[in-house]
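Reviewing the structure listed below.
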Amino acid sequence: MPQEEGKRSTLEGSYQVKAMDDEKVLGVGIYKGGSFRVVLEGIPRVVIYNREEGRGWMVNLQRRTYSEIDLEEASKRSGFLPSQVMKPYFELPSYWERGEFHMETQDGRTVTAYLDGPGHLPSTWEVIGPGGKIKRLEWEYRRVGEVSEDNFRVPEGVTLEE
């Protein structure tokens, strides 16, 4: 089933992805089985979370410094990653059909998602309300498969923020 393969690819796989909201680039992310690294568009910050170590960092590229952050903070700042957006929807199997998620909420919103990316990775997630579109995310995959573990460590040459 496409949603099972999509869930596996999204939450357990490895990929590099560019996220867009209405053609505006939000950032680029690298993901591998729970570890992630995101570069936020227009902000000189990199957010890194290493699942194996259970540690996260916010790197200031201008100052070449970093501070430690927890999973909650790292997740909040990487909210455009397919793993972050799609995880709750994979837990609702009755709303999936042939790689498409479709749910109408009691307050009149419609949530749709499509698994049209490579390996059934999510390509689009959209919420439409009674007044029109509320939010739309699109993902463009740059690389799918093996990504280096070095992406999930503090880069060399940066120091702990005082």
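Taking 4.5 Å as the limit, some side-chain heavy atom of Ser75 sits within range of a side-chain heavy atom of Phe36. Counting only heavy atoms from C-beta outward, the side chains of Thr65 and Thr159 approach each other to under 4.5 Å. With a 4.5 Å cut-off on side-chain heavy atoms, Ser78 and Tyr31 do not count as touching. Between Thr124 and Asp116 the shortest side-chain heavy-atom distance does not fall below 4.5 Å. With a 4.5 Å cut-off on side-chain heavy atoms, Val46 and Tyr66 do not count as touching. Looking only at side-chain heavy atoms (C-beta outward), Glu91 and Lys7 come within less than 4.5 Å of each other. Within the 4.5 Å cutoff, the side chain of Ile48 has heavy atoms near those of the Pro155 side chain. Taking 4.5 Å as the limit, some side-chain heavy atom of Glu52 sits within range of a side-chain heavy atom of Asn50.
Residues Leu40 and Val158 are members of separate hydrophobic clusters, defined by side-chain heavy-atom contacts under 4.5 angstrom among Ile, Leu, Val, Met, Phe, Trp and Tyr. The hydrophobic cluster containing Trp125 also contains Phe90, counting ILVMFWY residues as joined when their side-chain heavy atoms lie under 4.5 angstrom apart, directly or transitively. Both Ile134 and Leu137 are members of a single hydrophobic cluster when ILVMFWY side chains are connected at heavy-atom separations under 4.5 Å. At a threshold of 4.5 Å between side-chain heavy atoms, the hydrophobic network of Ile, Leu, Val, Met, Phe, Trp and Tyr places Met20 and Val17 in two separate groups. Leu121 and Tyr114 end up in different hydrophobic clusters when Ile, Leu, Val, Met, Phe, Trp and Tyr side chains are linked at under 4.5 Å.
In terms of modelled atom types and a separation under 3.5 Å, the side chain of Arg109 and the main chain of Val127 share no donor-acceptor contact. Here the side chain of Tyr49 pairs no donor or acceptor atom with the backbone of Glu72 at under 3.5 angstrom. A donor-acceptor pair is defined here as one N or O able to donate and one able to accept, closer than 3.5 Å; no such pair exists between the side chain of Ser14 and the backbone of Glu146.
Neither side chain, Glu161 nor Ser67, offers a donor N or O lying under 3.5 Å from an acceptor on the other. There is no side-chain donor-acceptor pair under 3.5 Å between Gln16 and Arg142.
Between Tyr89 and Phe101, the ring planes lie perpendicular to each other; the angle is over 60°, past the 30° to 60° tilted range.
Residues Ser123 and Gly117 come closest through the heavy atom pair CB-N, 4.0 Å. Here the closest non-hydrogen pair linking Ser83 and Leu11 is O-CD2, 3.8 Å. The shortest heavy-atom contact between Pro118 and Tyr141 is CD-CD1, 3.7 Å. For Thr10 against Pro122, the heavy-atom pair with the smallest separation is OG1-CD, 3.0 Å. Taking each heavy atom of Gly119 and Ser9 in turn, the nearest pair found is O-OG, 2.8 Å.
A salt bridge links Asp150 and Arg153; the closest N-O separation between the charged side-chain nitrogens and carboxylate oxygens is under 4.0 Å. Between Asp21 and Lys135 there is a salt bridge, with a side-chain nitrogen of the basic residue lying less than 4.0 Å from a carboxylate oxygen of the acidic one. Here Glu149 pairs with Lys32 in a salt bridge; the nearest charged N to carboxylate O distance falls below 4.0 Å. A salt bridge between Glu73 and Lys76 is present, with a side-chain N of the basic residue lying under 4.0 Å from a carboxylate O of the acidic one.
The six-membered or imidazole ring of Trp139 lies away from that of Phe80, with a centre-to-centre distance of 6.0 Å or more.
Note: Leu26 CG to Lys18 NZ = 11.0 Å, rounded to the nearest 0.5 Å. For the atom pair CG (Asp22) and NZ (Lys133), the distance works out to 3.0 Å, reported to the nearest 0.5 Å. Between the CZ atom of Arg51 and the CZ atom of Phe152 there is a distance of 10.5 Å, given to the nearest 0.5 Å. One finds the CD atom of Glu68 at 12.5 Å from the CE atom of Met58 (value rounded to the nearest 0.5 Å). Of the inter-residue distances, the one linking Leu81 atom CG with Met86 atom CE reads 13.0 Å to the nearest 0.5 angstrom. With rounding to the nearest 0.5 Å, the separation of CD1 in Ile69 from CZ in Arg55 is 11.5 Å.
Glu23 CD: 12 or fewer foreign heavy atoms inside a 6.0 Å radius. Heavy atoms from other residues, nucleotides or ligands lying under 6.0 Å from OH of Tyr95 number 12 at most.
Remark: Glu4 pairs with no residue by the salt bridge (Lys or Arg N to Asp or Glu O under 4.0 Å) rule, at least two apart or across chains. Residues forming a side chain to side chain contact (heavy atoms under 4.5 Å, CB included) with Glu104 (at least two apart in sequence, or on another chain): His102, Thr110.
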